[in-house]
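Working notes for the structure below.
What's counted below: heavy atoms across the whole structure, side chains too, no hydrogens, waters or symmetry copies. Order of the sequence lines fixes the chain letters, A, B, ..., with proteins taken first and strands second; residue numbering starts at 1 for each chain.
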Number of protein chains: 2
Amino acid sequence: MVKQVIGVNRRTTGSVGVRQVAKAAGVSTATVSRALNQPHQVSEELRKHVTSVAAELNYIPDPAARALSSQKTFRIGALIPTIANSIYSRFIEALQRRLRESGYSLVIANYDFDEALEMEEARALVESGIDALILAGEHRTPDLYELLATRRIPYLLISIYLPDSPHRCVGYDNRAGAETMARHILELGHREIGVIEGPSGVSDRARLRTRGIRDALNAFDLELPAHRLTSRSFSVRNGREGLSQLLDGAPEITAVICGNDVLAIGALMEAQSRGLNVPEDLSICGFDGLDIAQEMVPQIATMHVPTAQMGLKAAESLVTMLSGEEAPHAVLIETRLVPGGSTAPPKKP
Amino acid sequence: MVKQVIGVNRRTTGSVGVRQVAKAAGVSTATVSRALNQPHQVSEELRKHVTSVAAELNYIPDPAARALSSQKTFRIGALIPTIANSIYSRFIEALQRRLRESGYSLVIANYDFDEALEMEEARALVESGIDALILAGEHRTPDLYELLATRRIPYLLISIYLPDSPHRCVGYDNRAGAETMARHILELGHREIGVIEGPSGVSDRARLRTRGIRDALNAFDLELPAHRLTSRSFSVRNGREGLSQLLDGAPEITAVICGNDVLAIGALMEAQSRGLNVPEDLSICGFDGLDIAQEMVPQIATMHVPTAQMGLKAAESLVTMLSGEEAPHAVLIETRLVPGGSTAPPKKP
DNA sequence: CCGCTTAATGTAACCGGTTACATAAAACAT
DNA sequence: ATGTTTTATGTAACCGGTTACATTAAGCGG
């Protein structure tokens, strides 16, 4: 039996690290680290020297080592309600791009509007190591907020604007937006109005939108009776089914306001398949301003939400927070009414 | 001046670590680590003891420390061409869920079919620390494959089936799928056929699909002249514009085959807005089997791709690869023709 | 009952960065 | 010129796991 050689490093990756760079540049590891991360702490010439040596050796810092040592992962988690339809895609794109610019990477998890799954995914994200978390809306199990508090993980709510909430947010006013849309319908002359709301059981944004619609109706001395309201999760199929149900229970309606554009597309399809003319026989409108809804025939009237801008602002807020500075407590994203061929005054009877 | 107390640990997070668990359980840190990660190496009773103590102390391993020490991040990157339309959403959902089950988290980056951006995002992903990478299709700058080889990062191609490629893959046969679809159109009696292909300049899947269409046409002794072909990136708007262009240059066409369902929806909308009846005046078909396309009126005929299944298989392949076992070199995902009301025999002149 | 293999556990050296503290040099005030 | 503050750099101890190697106990064939 030949004895194994002792003293050989058992697990050396062989790649260049701070120590290699330090030796090659003739400085200490501390100087290398500082030259790369706190440039102002190192003299001009030395910094240039170190930087060039590092570049020459093709040095790439090990993210795990950096994370362990500095207690920062440079990773940000985002819990997205759904990625099935493209509601959040522009938001994610913009968010990711802006975070990348500041050296952060984005980890997305989605939970399909399932509260328990959201908690589970949150735990997984936290345990996989993130510096901050993005959440949609305010309402969720308190356990999640507790988890974040315990682990001291900063977070940010999106898609909702709550200046009085204890939580920081970057979002828009769902209630006011929906109210604007409903007023638009009312001002066209509609009085018999149906609503296909979003998943109000699990989404406070959906609830706020319905509230906005009610506010507008009330201002016109109208109510929203139960048989003119149906609640569905966001999908085209559900939009179709929603309109079916409304037309069965309230055939007198001349307009239907949908919780978002995906539901509105579904409603439009159902109307077409029933031979109803939109907007002559029925006006339809949505919320979100999805590209695809803008290309439908007729174009779907909607409240446009600049989600890319929201992504940008959210990223900036997070970066600010994580750098220790004070970020604005609530950032308002402006929505705007986009009229479309899917709405018109009701037919005179 | 009061002298500062010396000897205080300068940066202790205070949270429980292996050492705390080890002390509380009366064992060594090695045993704790093994009890949690290689259970079979620890005796039954001791493992149960350690596990319960760890749970009691609410011990959560530090992911950074684990990554640094074990040289594994338990993170997997995915470079997705686009998240703007929901082509990849079910894939991502399934992939993420399955990876989570095996303790991996998923980091997504998208590059909007921009080759340079793909390289950039790949570099960012690699430098942020990933154990493996998912790529869509085969064609890309060689630099990216080189980067992965240098860093010894395993990877997997999806959305494409290439049994003879040097790269591992989990995907479907784009060419054969498109050929099937084109044959369907031909068998309905169409001979004047237009094509709105995907971004063939940057996507080998788009090219393969067009190839499949050509193969079917050739089998019927037909050609695909340039004025009956137009190439667009995937969006509803581009589908509309694509059909516009085809109808301008080749008004004789009775059917249009689209590179995917998103383009097909656009073509359908353009047809409607021009007062053309689908399918009587024009047959339209797509590819992918998106939910939304199945709800259009008329329902869009398509090649259904089980992307959730692809996500599952991809996750399983990756997990197998990363555990050191041999994963299948190429996994075929079956597509199937889904007829729809958007196609019919051409009108007799 | 003894030497030998196998299994279970402990010790401590890593992984590769960051950063508190020490030290030396330079700038500045008196 | 001398004491004091500021600035630049080095030394080495961390961060919190994993795991090679050492050690001890148990299993086993003859």
Side-chain angles (χ1 to χ4, degrees), chain A residues 1 3-23 25-50 54 57 59-74 103 127-129, chain B residues 1 3-23 25-50 54 57 59-74 103 127-129:
Chain A
M1 265 300 193
K3 262 196 184 166
Q4 233 186 310
V5 181
I6 304 176
V8 173
N9 270 341
R10 51 201 171 94
R11 23 168 192 168
T12 307
T13 52
S15 67
V16 291
V18 265
R19 282 155 179 99
Q20 281 72 37
V21 176
K23 184 180 286 182
V27 298
S28 71
T29 61
T31 302
V32 174
S33 177
R34 282 192 285 253
L36 269 42
N37 300 318
Q38 287 109 35
H40 59 281
Q41 288 197 22
V42 174
S43 72
E44 176 72 17
E45 57 172 344
L46 193 50
R47 190 190 64 218
K48 279 187 353 201
H49 177 226
V50 170
L57 293 181
Y59 166 67
I60 295 170
D62 180 317
R66 182 202 292 269
L68 174 60
S69 182
S70 66
Q71 304 291 348
K72 284 181 180 182
T73 64
F74 287 97
E127 293 183 6
S128 81
Chain B
M1 266 297 191
K3 262 196 183 166
Q4 234 185 308
V5 180
I6 304 176
V8 173
N9 269 342
R10 50 202 171 95
R11 28 170 186 162
T12 307
T13 52
S15 66
V16 292
V18 266
R19 284 157 178 97
Q20 281 72 37
V21 176
K23 185 180 288 181
V27 297
S28 72
T29 61
T31 302
V32 173
S33 177
R34 282 192 285 251
L36 269 43
N37 300 317
Q38 287 110 32
H40 59 281
Q41 286 196 24
V42 175
S43 71
E44 175 71 18
E45 57 170 344
L46 192 51
R47 190 189 66 217
K48 279 189 349 201
H49 177 225
V50 171
L57 293 182
Y59 166 67
I60 294 170
D62 181 317
R66 182 203 292 269
L68 174 59
S69 182
S70 66
Q71 303 290 347
K72 283 183 180 182
T73 64
F74 286 96
E127 293 183 6
S128 80

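Scanning for side chain to side chain contact (heavy atoms under 4.5 Å, CB included) contacts around B:Leu57 gives B:Val16, B:Val21, B:Ala24, B:Val53, with sequence neighbours left out.
Residue A:Val42 places its side chain closer to D:dT9 than to any other of D:dG17, C:dG16, D:dT9. Checking D:dT19, C:dG10, C:dT18 against the side-chain heavy atoms of A:Ser33 singles out C:dT18 as nearest. Here C:dT11 is the nucleotide among D:dT9, C:dG17, C:dT11 with the atom lying nearest to any side-chain atom of B:Ala30. Comparing C:dA12, D:dC15, C:dT18 against the side chain of A:Val18 picks out C:dT18 as the nearest. Here the side chain of A:Arg66 is nearest to one of D:dA20, D:dT9, C:dG17, namely C:dG17.
Here the C1' atom of nucleotide D:dG16 and the NZ atom of B:Lys72 are 18 Å apart, to the nearest Å. In this entry the distance linking CZ of A:Phe74 with P of C:dG17 reads 14 Å, nearest Å. For A:Gln41 and C:dT19, the CD to P distance is 10 Å, given to the nearest whole Å. Remark: P of D:dA8 and CD of A:Glu45 are 11 Å apart, rounded to the nearest angstrom. One can place NZ of B:Lys23 at 15 Å from P of C:dG10, the figure rounded to the nearest angstrom. The distance from atom CZ of A:Arg47 to atom C1' of D:dT7 is 15 Å, rounded to the nearest whole Å. Between A:Gln71 atom CD and D:dG17 atom C1' there is a gap of 12 Å when expressed in whole angstrom units. Here C:dG16 presents its P atom at 16 Å from CD of B:Glu127, a figure rounded to the nearest Å.
For the OP1/OP2 pair of C:dG16 and a distance below 4.0 Å, the side-chain nitrogens and oxygens of A:Tyr59 include no atom meeting the criterion. For B:Ser28 and C:dG10, the shortest distance from a side-chain N or O to OP1 or OP2 is below 4.0 Å. Distances shorter than 4.0 Å separate some side-chain N or O of A:Thr31 from OP1 or OP2 on D:dG10. In terms of phosphate contacts, B:Ser43 brings a side-chain nitrogen or oxygen within less than 4.0 Å of OP1 or OP2 of C:dT9.
In terms of position along DNA chain C, the nucleotide closest to A:Gly17 lies nearer the 5' end than the nucleotide closest to the other residue of the pair A:Gly17 and A:Arg34.
If you check every strand for non-hydrogen atoms under 4.0 Å, A:Val32 touches nothing.
Within the 3.5 Å criterion, the main-chain N or O of A:Val27 finds no donor-acceptor partner in the side chain of A:Thr31. The closest donor-acceptor contact from the side chain of B:Gln41 to the backbone of B:Gln38 lies at 3.5 Å or more, if one exists at all.
Residues B:Glu45 and B:Lys48 are not paired through a salt bridge, judged by the lack of any N-O separation under 4.0 Å between the basic side chain and the carboxylate.
A heavy-atom distance below 4.5 Å is found between the side chains of B:Asn37 and B:Arg66.
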